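Because the structure is predicted, anything quoted here is derived from the model rather than measured. Numbered from 1 within each chain, the chains take letters A, B, ... in sequence-line order.
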Protein chains: 2
Amino acid sequence: MKPMSTVPVRDRPSPTSAPEASPFRLEDFLPYRLSVTANRVSRAFARLYAERFGLTIPEWRVMAVLGTGGPMPASAIVERTAMDKVKVSRAVAALEAKGYLARRPHPEDRRSALLELGPRGRAVFEQIVPLARALEAELTAALGPQDRALLVELLARLDARLARLGALPQEVGDPG
Amino acid sequence: MKPMSTVPVRDRPSPTSAPEASPFRLEDFLPYRLSVTANRVSRAFARLYAERFGLTIPEWRVMAVLGTGGPMPASAIVERTAMDKVKVSRAVAALEAKGYLARRPHPEDRRSALLELGPRGRAVFEQIVPLARALEAELTAALGPQDRALLVELLARLDARLARLGALPQEVGDPG
DNA sequence: TGACATTGGTTTCATATGAAACATTATCCG
DNA sequence: CGGATAATGTTTCATATGAAACCAATGTCA
């Protein structure tokens, strides 16, 4: 709490209680700051994926999980990428069209399919990873390693809080 | 500058050297985490603005700057909201249509106009502010006040870094 | 078994977004 | 001045997004 005016605050003609505690500054508003920075960061990465590999962020995310995990159904990707199923569906279709990904029948559920990167997809994945890491490193050079960890930790706490504050819908943004 | 490998970086003979330093985990990737959390937060606020006031985030942002600042041209709003001019133009048009905002001729430049909230707009603004602050408080309850400040600080450093890493385009996201 | 509800994914449809093209008005400069 | 160039906003156009409707296949349970 700030001391709250000890000064004759501005003669308030209308004592309408606290119409004016402090002026609300958008630039100090956390959700605003978070959004702006996150989007700028996303832009930078999106540019990397797009310019050098012709991938969108959703596509990259799908590759990122398939690149390390074994064959898995789309639902697993939905969980691991925080993207809704529509986005995943489209990203998978795009990757398949590019010849980076293959579907094979799911042995236990004919509605689904197991997804996995093909050789070409895996090659691209392995090219991207070091570049993505490098860009991340360049970015987090602004923070020390422990501040980077701290940032992730703070974000996680916000996530947890949000989860508690009412089970929100599902997904969310673009970047990644 | 970082020490940067003291090793002869470039020519990696390519004994497939480090194809596998560590498995790349999307969930540990900072831009991903940042994006996911920021988008979730934005969703929560967007819901507030939309459900109770029928406003989008861009609209709210415009109101937020006009709510405290005096009459100003759209260009000033572009600067203060980190939104591109198209988004601002549309948000202003929408607010005008809702009767929350008025334009008056700019005395020195006929291409522009001075924007300001009308009485109805100001009333809405004053209703939103406490609610937005309350939601922010609920959210940041997950962090202490100093951690909240720290988070903002870390985000600012990332911003600064990004600015240095190549003058990126302009705008960015949705939330706020 | 045979509805009926559920789940995995895809498609539809309406909206949001932003790059690029525009129309206007200002500014610069020769 | 008078034309070229830049700046302010708006509009156009193609793409991205997601809620809701859908399709197909499973599960439930009476």
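- Ring-plane geometry between B:F45 and A:F29 is classed as perpendicular, the angle between the planes exceeding 60 degrees on a 0 to 90 degree scale with a lower cut at 30.
- Residue A:R43 places at least one side-chain N or O closer than 4.0 Å to OP1 or OP2 of C:dA19.
- Partners of B:R103 according to the side-chain hydrogen bond (donor to acceptor under 3.5 Å, both in side chains) rule, which considers only residues two or more places apart in sequence or in another chain, are B:E96.
- Protein atom CG of A:N39 is 17 Å distant from nucleotide atom P of C:dA16, rounded to whole Å.
- Checking B:R133 against A:S22 by side-chain atom types alone, a donor-acceptor pair falls below 3.5 Å.
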B/S/- contact track for nucleotides 8-15 of chain D, protein heavy atom under 4.0 Å: SBBBB---

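- Regarding B:E108, its CD atom lies at a distance of 18 Å from the P atom of D:dA7, rounded to whole Å.
- There is a path of hydrophobic side-chain contacts, each under 4.5 Å, that joins B:L135 to A:L162.
- As a whole-Å value, the separation of A:L115 CG from C:dG8 C1' is 11 Å.
- The backbone N or O of B:A113 lies less than 3.5 Å from no partner atom in the side chain of B:R104, so there is not a single donor-acceptor pair.
- Between the CE atom of B:M83 and the P atom of C:dT17 there is a distance of 9 Å, rounded to whole Å.
- Taking atom NZ of B:K87 as the reference point, atom C1' of D:dT17 lies 13 Å away to the nearest angstrom.
- Distance CD1 (A:I77) to C1' (C:dT10): 15 Å, rounded to an integer number of Å.
- Residue pairs meeting the salt bridge (Lys or Arg N to Asp or Glu O under 4.0 Å) criterion with at least one partner in residues 145-160 of chain B, sequence neighbours excluded, are A:R40-B:D159, A:D147-B:R157, A:R157-B:D147, B:E136-B:R148, B:E153-B:R157.
- Protein atom CZ of A:R110 is 15 Å distant from nucleotide atom C1' of C:dT7, rounded to whole Å.
- Atoms CD1 (B:I57) and P (D:dT17) sit 16 Å apart, rounded to a whole Å.
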